[in-house]
Protein chains: 2
Amino acid sequence: MQKTSIKKRVTLKDVANAVGVHVSTVSRALDPRTRHLITPEVAEQILKASERLDYRQNAAAYSLKTNRTRTIGVVVPDITNPVFPPIIRGVEDALASRGYVAILGNTDGDMRRETGLVETFRSRGVDGLILASVEREDAAVSKLAAEGLPVITVNRRVDDSTVASVVNDEAEGIRRVLTHLVSLGHRRVANIAGPQSLSTGAARYAGFEKYRGPMGLADDRGLVVFANAFNEAEGERCVEELLASGAEFTAIVCSNDRLAVGAIAALSRHGRRCPEDVSVTGYNDMPMVERMQPPLTTIRIQSNKVGFEAGQLLVQMIERPPGEYVAEHIVLPIELIVRGSTRAIHAPNGQDGDTAKPRVRPL
Amino acid sequence: MQKTSIKKRVTLKDVANAVGVHVSTVSRALDPRTRHLITPEVAEQILKASERLDYRQNAAAYSLKTNRTRTIGVVVPDITNPVFPPIIRGVEDALASRGYVAILGNTDGDMRRETGLVETFRSRGVDGLILASVEREDAAVSKLAAEGLPVITVNRRVDDSTVASVVNDEAEGIRRVLTHLVSLGHRRVANIAGPQSLSTGAARYAGFEKYRGPMGLADDRGLVVFANAFNEAEGERCVEELLASGAEFTAIVCSNDRLAVGAIAALSRHGRRCPEDVSVTGYNDMPMVERMQPPLTTIRIQSNKVGFEAGQLLVQMIERPPGEYVAEHIVLPIELIVRGSTRAIHAPNGQDGDTAKPRVRPL
DNA sequence: CTGTTAGCGCTTTCAT
DNA sequence: ATGAAAGCGCTAACAG
């Protein structure tokens with residue numbers, strides 16, 4: 001019946017005409033917050049008509065008028081890095097439930113691209129920004145926040161505590177890993193630390209330095225080596241460096257899973273088996289690491305939740321009267337996941353254990 | 001100097017005032033396509049001023065006027081599924097280079113959510129849609145295309161060839177896998193087929209049926225079992241089913257990597273080692289499958305390129321005079337990646353091989 | 001309770 | 001080559 005080949009979009013005016021009222025009446029009836037201003041019967045009719053005509057608000061007109069787009073910009077280093085999709089998914093779920101959508105951009109870790117993306121997003125009038133790509137020093141981001149644009153960093157944070165954030169409890173994650181290793185009898189534990197320009201890398205390394213002494217671990221400088229990026233290649237390089245330095249260790253704490261994957265590969269290339277010869281731990285519990293050989297002992301972060309909380313918090317910031325909020329900082333708990341890549345020192349199998357003081361036999 | 005705490009956004013009018021010309025002149029000077037209408041010197045001044053004042057076009061106003069948003073909607077089943085991020089990344093790269101951005105939505109395979117998302121996106125006036133979530137029968141999608149909204153499916157397609165698509169050469173992928181298996185001496189090859197409601201599942205299964213006879217493989221019905229979803233759990237279930245049926249096979253062709261991962265897990269649970277007892281192949285070459293034990297032999301699709309081509313093609317469709325295009329269908333070549341999960345039947349190691357007719361010894 | 005009016009910032013005829 | 005003016009669809013005073 002109503003076969004319209006090239007259908008023009010139906011507007012408020014169309015609905016108004018259909019019902020025989022003024023556009024503004026329709027506008028009010030359609031907005032739940034102002035619906036009470038309208039006679040219930042009329043409102044009813046309007047709702048019905050708008051349904052029947054398949055009316056949908058013109059987002060551009062709404063934005064132009066209200067200066068709000070219900071769109072938020074999400075910036076990640078690279079969506080292809082398995083750490084980020086669950087976070088993004090969490091963000092989108094939170095946003096969708098509140099009628100917002102996300103536009104996404106990748107920086108590949110290039111801070112100039114971050115700046116460019118933020119520009120693009122602002123030009124599109126995003127109501128807020130979620131940044132997973134920040135470095136600890138990020139003047140541009142602080143400025144955004146200062147200018148009153150709702151901004152929140154996720155998974156990472158900037159040093160400037162003026163910028164809201166949702167992150168994981170990094171120090172606690174490292175503490176758990178170390179506790180686990182100590183309980184397995186390890187005393188010489190190396191650390192492949194992540195980039196110190198990122199809050200994750202810095203916080204995990206800080207945790208390592210903070211706890212290793214008190215826990216009775218050797219605290220040689222030579223047991224720490226810094227990766228320049230959170231990837232497999234750097235994990236391999238760092239193991240090479242560790243091995244070349246002649247440092248002695250029975251376990252390696254890696255600042256994330258990808259470093260750990262690289263580390264295990266490099267170890268095996270040098271005839272050092274994991275976990276028989278050296279235990280290795282990761283961080284993040286990204287997809288598939290439970291299927292690796294050996295399955296990786298790691299810290300599980302609540303990726304989806306981190307994103308979800310960030311999305312929720314950002315919407316709150318947006319919808320609160322301007323300047324009414326202080327930057328919140330949410331820290332989510334983590335979980336230790338023990339798998340096959342760690343085992344008691346020189347013991348035949350790698351059961352989770354509180355093996356009090358395992359015998360330490362020389363080779 | 002120009003410290004403005006709560007800075008209003010600068011508009012065309014601001015630039016016009018600064019230069020002492022009319023807004024329309026500024027508008028023309030700023031658009032490369034109309035710049036030639038303006039005296040070069042004036043244009044120069046305007047460009048400078050707009051730079052200096054940090055003018056950025058108001059996307060909402062532009063959209064309202066032109067009915068174009070430079071935004072495209074991307075719908076995927078779940079961004080958390082490792083197959084999709086590279087595709088999305090490709091799409092975004094293509095779009096970004098043309099000044100477009102993507103808004104993203106997840107359906108979790110629920111067709112009603114797909115419909116809802118498409119609604120939301122249309123309400124936001126997207127210029128086009130890229131769908132990675134379609135089933136083969138999808139009346140809603142055909143309708144969209146018929147209504148003149150540029151739509152393109154990626155990775156999957158709908159049966160209705162009216163809808164443009166960018167996909168992988170599924171039949172060829174299966175042919176390569178079978179050729180490889182045959183060269184290793186396998187004659188009884190099972191197939192864990194994907195959901196037949198999806199073009200990928202259907203095309204790969206069709207390839208299997210098409211080639212296995214001509215290649216001299218056993219073509220028992222009992223060697224095929226259908227998964228209800230592309231995930232690990234279904235891979236496990238299908239292997240159980242295969243095993244329970246008493247079917248004999250020395251290899252399993254899985255319709256994607258996740259099915260393969262599940263299949264290998266289930267096999268090992270039943271004391272059948274891969275590749276010693278049965279060879280297994282996947283499809284997609286998703287991240288990390290090269291780190292599994294055993295590393296997975298699979299078909300590598302050009303995920304990033306699939307997305308990139310789709311993005312490019314969509315922009316072309318959008319920017320071409322309406323109704324001027326026919327639905328294109330791009331098919332991208334694939335690549336066989338041989339790893340450890342396949343080996344010559346009953347041979348000691350799994351080198352890639354044209355082992356003509358390997359000896360077949362009974363157990 | 002509902003209609004009138006103005007205007008968000010931009011592009012695009014139409015004049016000049 | 002530039003200015004004037006209209007209008008995209010919507011919301012939000014302000015009147016009645």
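Chain naming here is simple, since letters A, B, ... match the order of the sequence lines and numbering starts at 1 in each.
With sequence neighbours left out, the side chain to side chain contact (heavy atoms under 4.5 Å, CB included) criterion links A:V167 to A:R157, A:S165, A:V331. Scanning for salt bridge (Lys or Arg N to Asp or Glu O under 4.0 Å) contacts around A:E137 gives an empty result, with sequence neighbours left out. Residues that satisfy the salt bridge (Lys or Arg N to Asp or Glu O under 4.0 Å) test with A:K48, not counting sequence neighbours, are A:E44. Every side chain to side chain contact (heavy atoms under 4.5 Å, CB included) that B:L30 has, sequence neighbours left out, goes to B:L12, B:V26, B:I46, B:L47, B:S50, B:Y55. The side chain to side chain contact (heavy atoms under 4.5 Å, CB included) search around B:T71 returns A:R124, B:T69, B:V101, B:I103, B:V126, not counting sequence neighbours. By the salt bridge (Lys or Arg N to Asp or Glu O under 4.0 Å) test, A:D108 is found to be paired with A:R113, B:R89, residues two or more places apart in sequence or in another chain being considered. Residues that satisfy the side chain to side chain contact (heavy atoms under 4.5 Å, CB included) test with B:T34, not counting sequence neighbours, are B:R28, B:D31, B:L37. Not a single salt bridge (Lys or Arg N to Asp or Glu O under 4.0 Å) links A:E328 to another residue, sequence neighbours left out.
Put simply, OH on A:Y62 is 17 Å from C1' on C:dG7, counting in whole angstrom units. Taking atom CZ of residue B:R9 and atom P of nucleotide C:dG7, one finds them 21 Å apart after rounding to whole Å. Taking atom CG of residue B:N67 and atom C1' of nucleotide C:dT12, one finds them 14 Å apart after rounding to whole Å. B:D14 places its CG atom 9 Å from the P atom of C:dG9, with the value rounded to the nearest Å. C:dG9 atom P lies 10 Å from atom OH of B:Y55, rounded to whole Å. Taking atom CG on B:N58 and atom P on C:dG9, their separation rounds to 7 Å, with Å as the unit. Remark: P of C:dG3 and NE2 of A:H22 are 7 Å apart, rounded to the nearest angstrom.
Looking only at side-chain heavy atoms (C-beta outward), A:T107 and A:L117 come within less than 4.5 Å of each other.
Direction of the helix axis in the helix from C:dC1-D:dG16 to C:dT16-D:dA1 shifts by 40° between the two five-pair termini, rounded to 10°.
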Show me, pair by pair, the donor-acceptor contacts under 3.5 angstrom made by side chains of residues 306-316 of chain A, not counting sequence neighbours?
unit_1: A:Q316; atom_1: OE1; unit_2: A:R320; atom_2: NH2; d: 3.3

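Residues from residues 23-43 of chain A with heavy atoms under 4.0 angstrom of DNA chain C, sorted by number: A:S24, A:T25, A:R28, A:L37, A:I38, A:T39, A:V42.
Screening B:N304, B:V154, B:V166 for a side-chain contact (heavy atoms from CB on, under 4.5 Å) involving B:I87 leaves a single residue, B:V154.
Mapping heavy-atom proximity under 4.0 Å, the span of DNA chain D touched by chain B runs 5' to 3' from D:dA1 to D:dG9.
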